[in-house]
Protein chains: 2
Amino acid sequence: MIKIINYKHGNSLKPILSRSQFSYDNINKKVKAILEDVKKNGDKALIKYNKEFDNADTKTLEVSKKEIDSAYNRIDNKFKKTLNLAYKNIEKFHRMQIRNGFITNEENGIVMGDIINPIEKVGVYIPGGTALYPSTVLMNVIPAKVAKVPEIILVSPPNKSGKINDIILAAAKISGVDKVFKIGGAQAIAALSYGTESVPKVYKIVGPGNIFVATAKRLVYGEIAIDMFAGPSEILILADENANPIHIAADMLAQAEHDKLASSVLITTSENIAVKAKEELYKQLKNLSRKEIAEESIENNGKIIITKSLDDAIFISNELAPEHLEINIKEPFSILSKIKNAGSIFLGANTPEALGDYLSGTNHVLPTSGTAKFSSPLSVDDFVKKSYYTFYTKEALHKVKDNIINFAENEKLEAHANSVRVRFEK
Amino acid sequence: MIKIINYKHGNSLKPILSRSQFSYDNINKKVKAILEDVKKNGDKALIKYNKEFDNADTKTLEVSKKEIDSAYNRIDNKFKKTLNLAYKNIEKFHRMQIRNGFITNEENGIVMGDIINPIEKVGVYIPGGTALYPSTVLMNVIPAKVAKVPEIILVSPPNKSGKINDIILAAAKISGVDKVFKIGGAQAIAALSYGTESVPKVYKIVGPGNIFVATAKRLVYGEIAIDMFAGPSEILILADENANPIHIAADMLAQAEHDKLASSVLITTSENIAVKAKEELYKQLKNLSRKEIAEESIENNGKIIITKSLDDAIFISNELAPEHLEINIKEPFSILSKIKNAGSIFLGANTPEALGDYLSGTNHVLPTSGTAKFSSPLSVDDFVKKSYYTFYTKEALHKVKDNIINFAENEKLEAHANSVRVRFEK
């Protein structure tokens, strides 16, 4: 049974903050061997691994434009419309994040600023297998597209027929991917990191994956950029006595059905809501198709916490720094400024997380495991980088000449001082 | 002797793009043991390591406000003025980077946007030893301060007298650090990552360090955030026939004196400039106090490349993605839009890199080793994080209800669909 914890201000947060984690067995050695193999043998290694790991015969690794178009034409019209609506909303939201570089020239003879350029080549990893998430394609590709990344490469493991599923290809087409390759696992990360005969080398890889993918990303990190290390998905619901326990339970279960390690936490100021939400959880659980997963998630990682005040609830929320935060209280906007650490915040009774998972427009790639304390949801910012620029006239440089020399001398870097001096000699 | 390479369009870039790298011997095991020790034994372990690694007796680890003030008072007035001028310029430039969250409510019943909050606790690592760089303090602390980080902790190893050097403390005071601790190496990274009796746990660590510091940062990365993995420092100078070879050589040597692994590259369309810059390099080298370091850097990692056209030079520059780029041509602004990958760009004859190292205001913490292809100079952005927020009315949710259910069903996530359905039942 899910625990109900009575929290009093000043109590230890330890039992509340404990979290499930993916277990990362040490498979570094295995993954390193795969990386080396692909680096050395290119496409040949990729074709071999497709056979070995995915039981797929793939003579060519790239999916042709024609195949992508056919896949798009095959998906049903209703879902096509849904995908296109999601695309429209996600694109619109992310357009708000486009930034221009700045320029400053307040002082005579001085011009400075930053320039924002897209990363030139980006890879997107999309898992295969039974859990096929076209939403993940949209969420990872659209911000890159909005950032004007000129080359977006999608990779995904082939199924036994040597193909990528239609709904993944359709989502790739809608979101504007440039090239698609049938490769998965650590070998796909290797191909994107080093490049092969057919797969272009990229400068950044985003997208979720299993432990082999995550380990490979960790190993190539530094040589190229990666997005983040995702932990189990999680939701925190803040509720007062006005919330509807049926909705709360449904939202907790939507999180729980993802993964046995997923966690659903309710913090409420109302004992009544706590008790009723608990009842509802077990009632709704009965009929779920993914009952087994959801139940284990709720039993092991679910928590219901009762606090004396809303401030205590907010305090715990900020310490937890949840991936998803639903604020299900009477005036949800009234406490928005107090929320310091959270990935995506859903306000009010009619904003279930599922809305943001699919199509309100915010990104569903979010910081997990408390990393919202220092990291951000996926955004256009993740697909651009800045360069600073500076221009000084000789007169402007002359004004600060002695200061630069003074600074360089204090750091005992004589050649630094010289580089200014030579400009005023003779 | 430094090589002069004649590049023809279409030639392999391999000999040009090869770079020196810090060698990371595998010291993971050693560093892991230090991390564990500090996690378990806190301050006691830190005091032990101060004795063991820095030969310093430190009963208390924190530097008192009084000690910091005394250090500030002891530094000479001229340098105090220089530090304060640098502070003013750096602060002013970074203020241009402050961003506000956005809000969008174009559609009836829908409010969405992002909120930007500072990271609540940040640690700054400053190396000790003989190379004392107060500029590094300013560059790492000021953007955090501008981002409104409420708690900035500076750590730096003690010298043999158990103290941190005056100029480091003075720079800490000027830039507005909240607390200073006399700890260094992997043990300092551990203290900031886990917290001890006296050292607060932080959520992000920035600042350069030796191999122990870099390895420790790599190991804690994910649990907390880190800035970047810095490689050897580097400059690329693009010059046409109008450039002054004396200035070019001086700027190359300013880079070369940092480190034997530092690299200085000149790309020029003028054979005359190539030859003269080479002569000047060896002439100026003779009298440098750090001659040995600079010479080894120039001999091993210096390059002079002659190209047929400015476009070829720009092409190579974008492939190299240099940390520092000087554009020393007649009309430097004319090619700015063609520069895709570079950390900090210095335009024209009178903008030596040393200006940006110290006090023009741009940050000197920059992406090295070609990572400018996917990462940015240190900025205010590195000290904030975003949260998304969404509010829908019941009517707005009703409009997209079927689309969410349709999407969830296509992803076989029934509880996701339920979480929307329950809101319209009864």
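Residue numbers start from 1 in every chain, and the chains themselves are labelled A, B, ... in the order their sequence lines are given, proteins ahead of strands.
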Are B/Tyr392 and A/Phe346 close enough that their ring centers fall under 6.0 Å?
no
Parallel, tilted or perpendicular: ring planes of A/His94 versus B/Tyr388, cut at 30 and 60 degrees:
perpendicular
Does the separation of the ring centres of A/Phe407 and B/Phe79 fall below 6.0 angstrom?
yes
Can you confirm whether the side chains of A/Asn406 and B/Lys81 place a donor and an acceptor under 3.5 Å from each other?
no
When the 4.5 angstrom heavy-atom criterion is applied to A/Ile116 and chain B, the contacting part is neither
Heavy-atom distance under 4.5 Å to chain A: side chain of B/Ser369, backbone, both or neither?
neither
Please tell me if the side chains of A/Val111 and B/Leu347 come closer than 4.5 Å, counting only heavy atoms from C-beta onward.
no
Using non-hydrogen atoms only, which part of B/Ile405 is less than 4.5 Å away from chain A: side chain, backbone, both, or neither?
neither
What part of B/Ala225 is in contact with chain A, defined as an atom under 4.5 angstrom from a non-hydrogen atom: side chain, backbone, both or neither?
both
Under 4.5 Å from any heavy atom of chain B, what part of A/Glu280 do you find: side chain, backbone, both or neither?
neither
Heavy-atom distances under 4.5 Å only: say whether A/Arg99 touches chain B with side chain, backbone, both or neither.
side chain
Examine distances only and state if a side-chain atom of B/Glu411 and a backbone atom of A/Ser135 form a donor-acceptor pair shorter than 3.5 Å.
yes
Student check: side-chain heavy atoms of B/Ser289 and A/Glu414 closer than 4.5 Å
yes
Is any side-chain heavy atom of A/Val202 less than 4.5 Å from a side-chain heavy atom of B/Lys373?
no
Can you tell me how far CD1 of B/Ile345 sits from OH of A/Tyr389, rounded to the nearest 0.5 angstrom?
9.0 Å
Report which part of A/Lys340 has an atom under 4.5 Å of a heavy atom belonging to chain B: side chain, backbone, both, or neither.
both
Whatever's closer than 4.5 Å to a heavy atom in chain B on A/Glu106 counts as side chain
Contact part of A/Ser337 toward chain B, heavy-atom cut-off under 4.5 Å: side chain, backbone, both or neither?
neither
Checking B/Leu85 against chain A: side chain, backbone, both or neither under 4.5 Å from a heavy atom?
side chain
Below 4.5 Å from any heavy atom of chain B, which atoms of A/Leu132 appear? Answer side chain, backbone, both or neither.
backbone
Are side-chain heavy atoms of B/Ser360 and A/Ile110 found at a separation under 4.5 Å?
no
Where does B/Thr390 contact chain A at under 4.5 Å (heavy atoms): side chain, backbone, both or neither?
both
Before accepting this row, confirm whether a basic side-chain N of the pair B/Glu107/A/Lys92 lies closer than 4.0 Å to the acidic partner's carboxylate O.
yes
Return the option, out of B/Asn418, B/Asp76, B/Leu288, with the maximum number of heavy-atom pairs under 4.5 Å with chain A.
B/Leu288
How about A/Asn350 and B/Thr393: do any of their side-chain heavy atoms sit closer than 4.5 Å?
no
Would B/Phe374 and A/Phe383 count as a ring pair (Phe, Tyr, Trp, His ring centres under 6.0 Å) if you check the C-alpha gap in whole Å, the side-chain angles of each, and the deciding distance to 0.1 Å?
CA-CA 8 Å; B/Phe374 52 79; A/Phe383 298 98; over 10 Å; no
Identify which of B/Gly113, B/Ser419, B/Ala294 forms the greatest number of heavy-atom pairs closer than 4.5 Å to chain A.
B/Ser419
Chain B contact via A/Phe102 - side chain, backbone, both or neither, heavy atoms under 4.5 Å:
side chain
Could you look at A/His258 and say if it's the side chain, the backbone, both or neither that has a heavy atom under 4.5 Å from chain B?
side chain
To the nearest 0.5 Å, what is the distance between CG (B/Asn410) and CD1 (A/Ile75)?
7.5 Å
From the list B/Asp381, B/Leu336, B/Asp114, B/Ile246, the residue making the most non-hydrogen contacts under 4.5 Å with chain A is B/Asp381
Can you tell which part of A/Asn403 gets under 4.5 Å to a heavy atom of chain B, answering side chain, backbone, both or neither?
both
With a 4.5 angstrom heavy-atom cut-off, is it the side chain or the backbone of B/Ala256 that approaches chain A, or both, or neither?
neither
Side chains of A/Glu120 and B/Asn318, donor plus acceptor under 3.5 Å
no
Can you tell which of B/Thr371, B/Leu325, B/Val400, B/Asn341 has the highest number of heavy-atom pairs within less than 4.5 Å of chain A?
B/Asn341
Check each atom of B/Asn244 against the heavy atoms of chain A and say whether the ones under 4.5 Å are side chain, backbone, both or neither.
neither
Classify the ring geometry of A/His416 against B/Tyr358: parallel below 30°, tilted from 30° to 60°, perpendicular beyond 60°.
tilted
Value rounded to 0.5 Å, distance of CD in B/Gln97 from NZ in A/Lys386:
6.5 Å
Part of A/Ala408 within contact of chain B (heavy atom distance under 4.5 Å):
both
Check whether A/Pro367 gets within reach of chain B through its side chain, its backbone, both or neither, counting any heavy atom under 4.5 Å.
neither
Given a strict heavy-atom distance threshold of 4.5 Å, which part of A/Ile167 is in contact with chain B: side chain, backbone, both, or neither?
side chain
Top residue by heavy-atom pair count (under 4.5 Å) with chain A, among B/Ile119, B/Ile115, B/Thr104, B/Leu83?
B/Ile119
Please state whether the side chain, the backbone, both or neither of A/Ile248 comes within less than 4.5 Å of a heavy atom of chain B.
neither
B/Asp402 and A/Lys78 ion-paired at < 4.0 Å
no
